[in-house]
Amino acid sequence: MIAIAKREFAALFNNVIGWLFTGVVIAFYGLYFFLYNMVYGINSITHTLSAITFIFMITVPLLTMRILSEERHNRTDQLLMTAPVNTWQIVLGKYLALAAVFAIPVVFIAITVPIMTLFGEVDVVSCYLALLGFTLYGLLSLAIGLFISATTESVVISAVITFVLLLLGFMMSSIVDAIFSENVILSKVLGAYDLIGPLDDLSSGTLNLCSIAYYVTVTFLFLFFTVEIIEKRRWTVSTRKISATVFSEATIALVICAVIAANVLMARVPEKYTQIDTTKEKYYSITKKTYDFLKDYDKDVTIYVVGKKADVKESYNEIPKTLNRYKEANKHINVVYVNTNKNPTFLKEHNGEGLEEGSLIVESEERFKQIPISDIYESEFDYETYSQDITGYDGEGQITSALDYVASEDLISVYVLEGHDELTMGDDYYAVMEKLNYDIKTLNLLQNDSVPNDCEALIINGVQSDFSEDDANKIKDYLKKGGNVITTMDFLQIGELTNFKTILSEYGITPVDGVVAEMDKNYYYQNQYYLLPNVESADVTDGLEGTASIFAPFAVGIRHGEEGDNTYTDLMTTSKKAISKGDYGSAEEIAEAAGEETKIKKEEGDEEGPFSIGVLTATKDNGNLVVLGSAYLLSDAADQMVSYRNSRLFDQICQTLIQPEDASKGIAIPVKSYEDVRLTVNSGAANMYGLLFIIVLPLSCLIAGIVIWVKRRRR
């Protein structure tokens with residue numbers, strides 16, 4: 001077998017075929033590597049490999065068309081058939097030679113990954129996992145080409161049929177969806193020849209053992225077919241016709257059934273055993289927090305997915321994988337895909353006429369909750385390209401929240417104060433509370449004798465007109481009963497809010513009248529009033545520590561007392577160079593300065609930092625008071641400036657303050673970020689590697705092949 005492999009490998013490089021195959025694959029890969037990774041700075045070769053999978057339809061037929069067909073045509077195959085080796089050794093020897101040729105461009109592709117690490121952070125695991133899928137797909141294509149080459153003595157027919165079979169395998173998923181989607185049995189049969197689907201799974205960041213098993217078993221099947229073809233030739237070497245009676249029909253049927261059974265059994269194994277999520281953010285997994293939540297979940301729930309399963313999987317690959325994890329984790333959860341073309345009344349029955357494909361409806365006997373696709377995928381507008389860019393995946397967070405909601409008997413009540421011209425919180429922050437399944441209500445103290453008893457937390461955002469003494473006393477009474485208050489301050493009004501400040505002073509909190517200006521460039525963005533405070537390390541700020549994490553424009557500095565009856569936790573602080581400008585001019589002057597590079601200097605009367613910008617006070621009355629120095633911190637505009645980390649801080653504050661009696665309730669899973677990490681490649685390096693992989697290496701292969709071919713022709 002090894003001798004045959006060496007002979008065939010040498011033969012492929014003694015003419016132009018092996019060199020041409022290697023050069024073409026490297027050239028096409030080099031072109032996309034240059035564009036995607038060197039020019040656009042994409043930090044993974046996944047897209048690059050996906051872009052060149054079509055190349056196998058051209059290169060594999062050229063590489064395999066002669067390997068058996070030409071020998072049969074020239075009758076030199078009789079030498080092998082009469083040699084003291086069995087048929088499997090012949091087939092494997094020739095296949096290993098083809099695989100060795102294919103391994104050469106694969107090695108060059110693998111080398112590009114460490115090259116990319118020179119220019120930034122690279123997801124090495126996903127790169128090599130995609131390369132594994134690409135390699136397995138290529139090896140299967142070679143097995144198909146080898147099989148076809150064994151069936152005919154015409155190299156042209158061999159190349160054409162191989163091309164057609166590879167094209168069908170490449171397009172089978174689209175063909176099934178377009179033509180045979182309504183016929184379930186036929187679609188499954190044809191879908192078994194979807195050669196590109198397993199590659200997509202591996203390229204998505206999932207080490208899918210089912211996909212690997214598919215490639216291995218189907219490759220073996222085509223090699224087995226090749227063995228049977230040659231075995232037939234060995235016994236009927238005197239005739240040019242193939243008689244089916246020579247084949248062992250029982251053996252062929254048994255092998256086909258074994259391959260089908262192996263793949264069916266693999267598909268039935270729970271995904272948690274066959275699929276390893278290698279993505280950095282674990283897009284296809286559910287966290288331990290959710291597993292703990294599902295452990296004792298006993299409510300029968302159906303999760304309806306809008307759209308056909310194949311369409312949803314193609315457009316939103318993460319959603320079916322996530323839902324499978326929930327099904328495996330709890331037997332009370334059922335997942336149903338709804339084809340709204342066949343069931344047009346479904347959405348109307350669930351008040352979901354506007355729901356798009358991929359949206360979910362989670363339903364129990366008592367209630368249901370809709371999850372629009374726009375909530376599952378977080379996005380933001382890119383003003384450079386004027387398009388929406390997906391920035392995060394919140395499938396687990398939304399589904400766990402919905403399961404909690406439909407199973408909850410009593411919801412947590414959170415009140416938002418009104419009646420003092422309070423500023424309106426952004427939609428992002430209401431979305432946080434809805435995800436936590438809070439029952440959000442408004443409270444006007446003028447219409448209530450006290451804060452309602454069911455109030456788990458009271459939110460006061462940017463008071464513009466002062467409390468009455470009576471209103472202030474109502475808030476104080478609520479805090480003395482162990483209540484939770486989250487409040488922000490507007491620098492324009494804080495000096496006038498005498499009664500409001502008595503609430504803070506009751507617990508040792510003193511706002512510094514004025515607006516904080518940063519003198520340290522590391523602590524602000526563009527404008528010295530646009531603070532990027534240092535987020536201190538605490539349970540409530542977990543994962544947000546450091547500067548450039550939270551955006552707090554136009555903030556009021558905060559001082560607090562020493563530890564005593566109350567416990568203070570600084571959430572955000574300024575630098576020592578920060579000052580509080582008491583005389584900052586008019587509101588109009590501040591507005592005009594917004595967005596401009598200001599040159600603020602310390603003047604007489606300005607108080608020096610450092611200041612707290614956010615403080616969590618655990619009160620002596622077993623309550624909590626959170627004071628944030630910037631009312632604008634809770635705006636959508638500020639949230640988007642730091643990729644929604646402001647709303648994440650608000651989320652973590654809410655979860656810290658409000659602890660449900662049942663610890664498994666009221667949980668929230670954060671959004672899994674699609675962090676767009678780009679490589680920083682200078683033009684010189686990009687051009688150098690582009691030249692190397694697009695021109696130098698492929699041209700070297702081509703020249704070497706031509707030179708060797710010419711020399712052999714002259715002998």
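Note that the numbering runs from 1 along the sequence shown for the chain.
- The one candidate from Y29, F56, Y128 that meets the ring-ring contact (aromatic ring centres under 6.0 Å, His included) condition with F134 is F56.
- Ring pair Y377/Y393 is tilted by interplanar angle, where 30° to 60° counts as tilted.
- Between I256 and F225 there is a side-chain heavy-atom pair separated by less than 4.5 Å.
- Ring orientation note: the planes of F54 and F28 are nearly perpendicular, at an angle over 60° on the 30°/60° scale.
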Do F9 and F13 pass the ring pair (Phe, Tyr, Trp, His ring centres under 6.0 Å) test, and can you show the C-alpha distance, the side-chain angles, and the key distance before you say yes or no?
-> CA-CA 7 Å; F9 182 80; F13 282 101; 5.0 Å; yes

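- Ring-plane geometry between Y215 and Y137 is classed as tilted, the angle between the planes lying from 30 to 60 degrees on a 0 to 90 degree scale.
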Name each donor-acceptor pair under 3.5 Å that joins a side chain in residues 694-708 to protein atoms two or more places apart or in another chain, with its distance.
unit_1 : atom_1 : unit_2 : atom_2 : d
S700   : OG     : V696   : O      : 2.6

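- Looking at K295 and D292, a side-chain N of the basic residue comes within less than 4.0 Å of a carboxylate O on the acidic one, giving a salt bridge.
- Shown here for T135 and F102, the closest heavy-atom pair between the two residues is O-CE2, 3.4 Å.
- Shown here are the salt bridge (Lys or Arg N to Asp or Glu O under 4.0 Å) partners of E121, two or more places apart in sequence or in another chain: K280.
- Scored by the salt bridge (Lys or Arg N to Asp or Glu O under 4.0 Å) test, D201 finds K321 as partners (sequence neighbours excluded).
- Other residues, nucleotides and ligands place no more than 12 heavy atoms under 6.0 Å from the NE2 atom of H47.
- No more than 12 heavy atoms of other residues, nucleotides or ligands lie within 6.0 Å of CZ in F108, so this atom counts as exposed by the packing criterion.
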